[in-house]
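A note on names: the letters A, B, ... follow the listed sequences, proteins ahead of strands, and every chain is numbered from 1. Fair warning: this is a prediction, and the values are worked out from it, not measured in the lab.
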Amino acid sequence: MSDQRKPFPFADFEPKWQQYWDQNDTFHTANPGEDDFDASKPKYFILDMFPYPSGAGLHVGHPEGYTATDILGRYKRMNNHNVLHPMGWDAFGLPAEQYAIKTGQHPRITTEANIENFRRQLKSLGFGYDWNREVNTTDPNYVRWTQWIFLQLYNSYFNEETQKAAPVSELEAKGWTREQIDDVRLAFIHEAPVNWSPDLGTVLANEEIEEWKSKGHTVERRPLRQWMLRITKYADRLINELDDLDWPESIKLLQKNWIGKSTGAEVIFDLQGHDVTVFTTRPDTLFGATYMVLAPEHPLVAEITSEDQKNAVDAYIQGCASKSDLERGDLNKDKSGIFTGATATNPVNGEQIPVWIADYVMMGYGTGAIMAVPAHDSRDFEFATKFDLPVLQVVQPNDDSDWHGFTGNGKSVNSGFLDGMKTKDAKKAIIRWLVDNNKGTFKINFKLRDWLFSRQRYWGEPFPIIWEDGNHHSVPESELPVLQPEMDDFKPTGSPEGPLAKATDWINYTETARRETNTMPQWAGSCWYYMRYCDPNNTDRFISKEAEAYWSSASSNTEPNSVGMVDLYVGGTEHAVLHLLYARFWHKVLYDLGHVSTIEPFQKLVNQGLILGEDGAKMSKSLGNVVNPDDVVEEYGADSLRLYEMFMGPLEQVKPWQMKGVEGVSRFLARVWRLAFEQNQEGEWVLSSKLTDDKPTDKALLKVLHETIKKVSDDIEKMSFNTAISQMMVCTNAFTQAEKLPALLLRDLLKCLNPFAPHITEEIHQQVGDAFPSAQCSKSRILADRTWPSFNEAFLVEDEVEIVVQVNGKLRGKITVAKDAPKDEIESLAQQDTNVLQHTEGKTIRKIIVVPGRLVNIVAN
RNA sequence: GCCGGUGUGGCGGAAUUGGUAGACGCGCGUGAUUCAAAAUCACGUUUCCUCGGAAGUGCGGGUUCGAUUCCCGCCGCCGGUACCA
């Protein structure tokens, strides 16, 4: 006996079973074509967001999602599925590189050590991963295919007619020039202001700025030559194809808002001889445009500014530039701006309107210029009020609300030929007018920008690109992977070339050709890792056609209009827009090019809620409220940790950690243990004398067991793990109180509990099976390989049911009747109840409502 | 500001989608066991009171025989977002 103080000897059997699963490859899943592949079983592809192996190791948030998927994976296995449930490492990333810069140690070494630790921790929690399929984004054989996918993007363009990616070789065949082709590639070179962080020595994607700023780094705008990915071409599909996904609506909405589609029109104004195009979602309000605003960075500003306004305008622009570094709009609610001295002509009515400059108009969206309709736009209204500009009503609200600042739909007024039209019709009419008069056109705009894809880092995938005579071309596929050169100095150069530029031998590809020295962002590897799991060791393709076809096939219980490859994806909300949007984009490109057979990567998405510290605050080192899974395993065992994380509350919900709660589920597991074992005088665990080899006959026990089988099955499907556990507690309490417990009953409870607490259930199953072979707990087959129990409806029904009697909706009594008692019998019985009689005395019974099997409500007054 | 989520005992949370509010667990209380403690087991535990009831799911209305659940109007907390024309 090991530790007398532990309520059950988990420290003895947990490592034992982990070793068993490892050595027997219990959770290995065969691929089509392999000997042990069973094509008759449906597939179930279940995916965790793979971790970045940080030096800090696992935190309790990781096992939350991982336990949920493990339960589902084990459950599906027991329900005759080929379950693909793998794990891997998103191992490129800044911390390893920054550590390398500080110490000179190669990032690969740190990364390997961290992975080692993560793997140990995950194994100590007994997750049923197929470790043969482990992927590592930094592995040369993985990098190779990341670069290969990049080349698919590089060698493709977006065909507007088919709305699909297609090879640029099509364009070559049509006689397009190199320059023309380079302009349409999905991966392209672009010189534009980007977000450059001087202290990180790299550029960042728009999406990343906030994260790094919050960590105290500075970010500034700087024009640089960068690799971009043309994700904007997929904006419409990225919105529309969300429809068939089984994702939380809030996440779909988040993505839609991020993509930010707005429908409207472009209108051309004459600005002193220049055509200035503005974008508006409300072309119907064109008659109400009383001034125009240009962004401070607008290229026409210098030219159109009048002599007497020049100093003021310059000063204003200067002011904007200096504060652009700070949070330009963050808490700056006050509008600012300056008159240019110029006027523009409103094309629809010839009105001369003043042209202003203001930083509430941004160069990066639309055209960097707006027509201001202060009467029906809150920002324009605020601006016009402050600078005393005219406000002209052009929309009449349908109700009698105030038209000042009214932004809804109504009827056009003061708008010439639009007068009297509904907003919707007025939009159509004015667009027709604009088109007919060459003054504008229908237009859709997106907030989504093209994806800035290059970074100035060492620890990332190099681009498989060569520069020669100012042109770029790809390296031959046979040269993949292109790996970083070995270096000792990983410091950023501070220049946009990045640290790879210091590897002088490496960058010289030939006498005249140089390698691209930028590397890819960390998102690259995580964009397609789920595919690689399907065929992780393939050296000929990123995934074999057979593996792709099988793991993309319909699962037994997915929706008929299922469009995603992975059946279930579980992870945190922090990836709601970035990772999930990028991965969908890559997947669609690969679909267009015929490399994958589904249009979406992830059919169902579930976000697990954050686990807060015991104090209700977010776990953080500085608050000292971080819970280390290793400590919990040491103290209570892996099963207790797993079970507690699932028992805390609904998976999706944010919830605080309570060590007392871990103790509670640990006590529950101890009770399960004591169903099978009792301690003798020496303190050794021996088989419980309560266990029998009898055929189960006790109706009450059969009922609670079968209720449990039913509820646990349903709840696992619904991912309502906390209620499943609570039902197993009810069952265990009933079993504990029984005089005798047939081993057969215990076995089925163990099966239900196995996906949640795999170690203890296997251990009990094995030991009890040795003693009671008749309970079919044979030693040769472990629980994980057995089939999930099915419940028998016959055990659930009761002959008699308790019915609640209410008088005027208030509980007054309870009666017990036969389960199929007729309505009138229930009614009369209910009225005879003494307490009911007391409450109906002296009153007239108006109505009696009988809900069969539930209640009777007597309405009396 | 806008968008989304959420609000139930001392605490984490249940409630068959309109039908006994508080399952299960924590904590607490009482008892058994023990020389004693821990562990374990049994019972109790929404609140108030005159022990018969009364009130009660953020607040105020409504629909209904009946509302945590549906409708209208507020309030609080959490998350996302930030002048996107």
Discussion item. With rounding to the closest Å, how many angstrom separate the P atoms on B:rU8 and B:rA14?
Written reply: 12 Å
Discussion item. When you measure from the side-chain N and O atoms of A:R854 to the phosphate of B:rU16, is any distance below 4.0 Å, counting only OP1 and OP2?
Written reply: no
Discussion item. Does this structure show an ion pair linking A:E707 with A:K703, if we count only N-O contacts that are shorter than 4.0 Å?
Written reply: yes
Discussion item. With a cut-off of less than 4.0 Å, is there a side-chain N or O of A:N835 near OP1 or OP2 of B:rG53?
Written reply: yes
Discussion item. My understanding is that a pair needs two contacts under 3.5 Å, Watson-Crick or G-U wobble. By that rule, which nucleotide pairs with B:rC43?
Written reply: B:rG29
Fill in: Pair A:T441-A:E266, side-chain donor/acceptor within less than 3.5 Å
no
Practice prompt. Identify the nucleotide, in any strand shown, that forms a Watson-Crick or G-U wobble pair with B:rA15, with both distances under 3.5 Å; if there is none, say none.
Written response: none
Worksheet item: Could you state the interatomic distance from NZ (A:K386) to NZ (A:K335), rounded to the nearest 0.5 Å?
Response: 9.5 Å
Practice prompt. Determine the interatomic distance between P on B:rG7 and the same-named atom on B:rG58; round to the nearest Å.
Written response: 8 Å
Worksheet item: Does the ring centre of A:F383 sit less than 6.0 Å away from the ring centre of A:Y291?
Response: yes
Fill in: Side-chain (A:N445) to main-chain (A:S262) donor-acceptor, under 3.5 angstrom
no
Fill in: Rounded distance in Å between the C1' positions of B:rU45 and B:rG79
35 Å
Worksheet item: Does A:S250 make a side-chain N or O approach to OP1 or OP2 of B:rG80 shorter than 4.0 Å?
Response: no
Discussion item. Expected output is a numbered-order residue list: members of residues 723-735 of chain A with a heavy atom under 4.0 Å from any atom of RNA chain B. What is it?
Written reply: A:T723, A:S726, A:M729, A:V730, A:N733
Discussion item. Need the glycosidic conformation of B:rG9: syn if within 90° of 0, anti if not. Which one?
Written reply: syn
Fill in: Pairing nucleotide - B:rA38, Watson-Crick or G-U, each distance under 3.5 Å
none
Fill in: Proximal nucleotide (of B:rC83, B:rG25, B:rA85) relative to the A:D377 side chain
B:rA85
Practice prompt. Would you mind classifying the nucleic acid contact of A:K814 as base, sugar-phosphate or nothing, using non-hydrogen atoms under 4.0 angstrom?
Written response: base
Worksheet entry | Out of B:rA85, B:rU20, B:rU40, whichever nucleotide has its closest atom nearest the side chain of A:R674 | B:rU40
Discussion item. Please confirm whether the shortest side-chain N or O distance from A:R667 to OP1 or OP2 of B:rA39 is below 4.0 Å.
Written reply: no
Discussion item. Considering every strand and a 4.0 Å limit on heavy-atom distances, what is the contact class for A:L253: base, sugar-phosphate, or nothing?
Written reply: sugar-phosphate
Fill in: Distance, P atom - from B:rC70 to B:rU57, rounded to whole angstrom
15 Å
Worksheet item: Which word best sums up how the rings of A:H575 and A:H579 line up, parallel for under 30°, tilted for 30 to 60°, or perpendicular for over 60°?
Response: perpendicular
Discussion item. Please report the distance separating the C1' of B:rU17 from the corresponding atom of B:rU69, rounded so that it comes out in whole Å.
Written reply: 7 Å
Worksheet entry | Distance (rounded to the nearest 0.5 Å) between A:K814 NZ and A:L855 CG | 12.0 Å
Practice prompt. Have a look at A:L254 and say if it touches a base, only the backbone sugar-phosphate, or nothing, with a 4.0 Å heavy-atom cut-off.
Written response: sugar-phosphate
Item to complete: Could you check whether A:V804 gets within reach of a base, just the sugar-phosphate, or nothing at all, counting any heavy atom under 4.0 Å?
Response: base
Item to complete: Indicate, with a heavy-atom threshold strictly under 4.0 Å, whether A:G661 touches base, sugar-phosphate, or nothing.
Response: nothing
Worksheet item: When we call it a touch if two heavy atoms are under 4.0 Å apart, what does A:Q653 touch: a base, just sugar-phosphate, or nothing?
Response: sugar-phosphate
Worksheet item: Under 4.0 angstrom, heavy atoms only, what part of the nucleic acid is A:N722 near: base, sugar-phosphate, or nothing?
Response: sugar-phosphate
Fill in: B:rA32 and B:rC51, which share atom name C1', separated by this distance in whole Å
29 Å
Response to the item:
One should read off an interatomic distance between A:N607 CG and A:M49 CE, to the nearest 0.5 angstrom, of 6.5 Å
Fill in: A:N257 side-chain N/O to B:rG80 phosphate OP1/OP2 under 4.0 Å
no
Worksheet item: Rounded to the nearest 0.5 Å, what separation is found between the OG1 atom of A:T285 and the CD atom of A:Q393?
Response: 12.0 Å
Worksheet entry | No-H, no-angle donor-acceptor pair, A:K335 side chain to B:rC83 base, under 3.5 Å | yes
Worksheet item: Roughly how far apart, to the nearest Å, are B:rG10 and B:rG22 at atom C1'?
Response: 14 Å
Worksheet item: Using purine N1 to pyrimidine N3 plus N6-O4 or O6-N4 for Watson-Crick, or N1-O2 and O6-N3 for G-U wobble, both under 3.5 Å, which nucleotide pairs with B:rG1?
Response: B:rU81
Worksheet item: Would one find a side-chain N or O of A:K655 under 4.0 angstrom from OP1 or OP2 of B:rG12?
Response: no
Practice prompt. Name the closest nucleotide to the A:F647 side chain, picking from B:rG19, B:rC65, B:rG12.
Written response: B:rG12
Discussion item. I'd like the P distance from B:rA23 over to B:rU46, given in whole Å.
Written reply: 8 Å
Discussion item. Nearest to the A:M362 side chain among B:rA85, B:rG19, B:rG12, which nucleotide is it?
Written reply: B:rA85
Worksheet item: With both distances under 3.5 angstrom, what nucleotide forms a Watson-Crick or G-U wobble pair with B:rC70?
Response: B:rG62
Fill in: Residue matched to B:rU6 through Watson-Crick or wobble contacts both under 3.5 angstrom
B:rG76
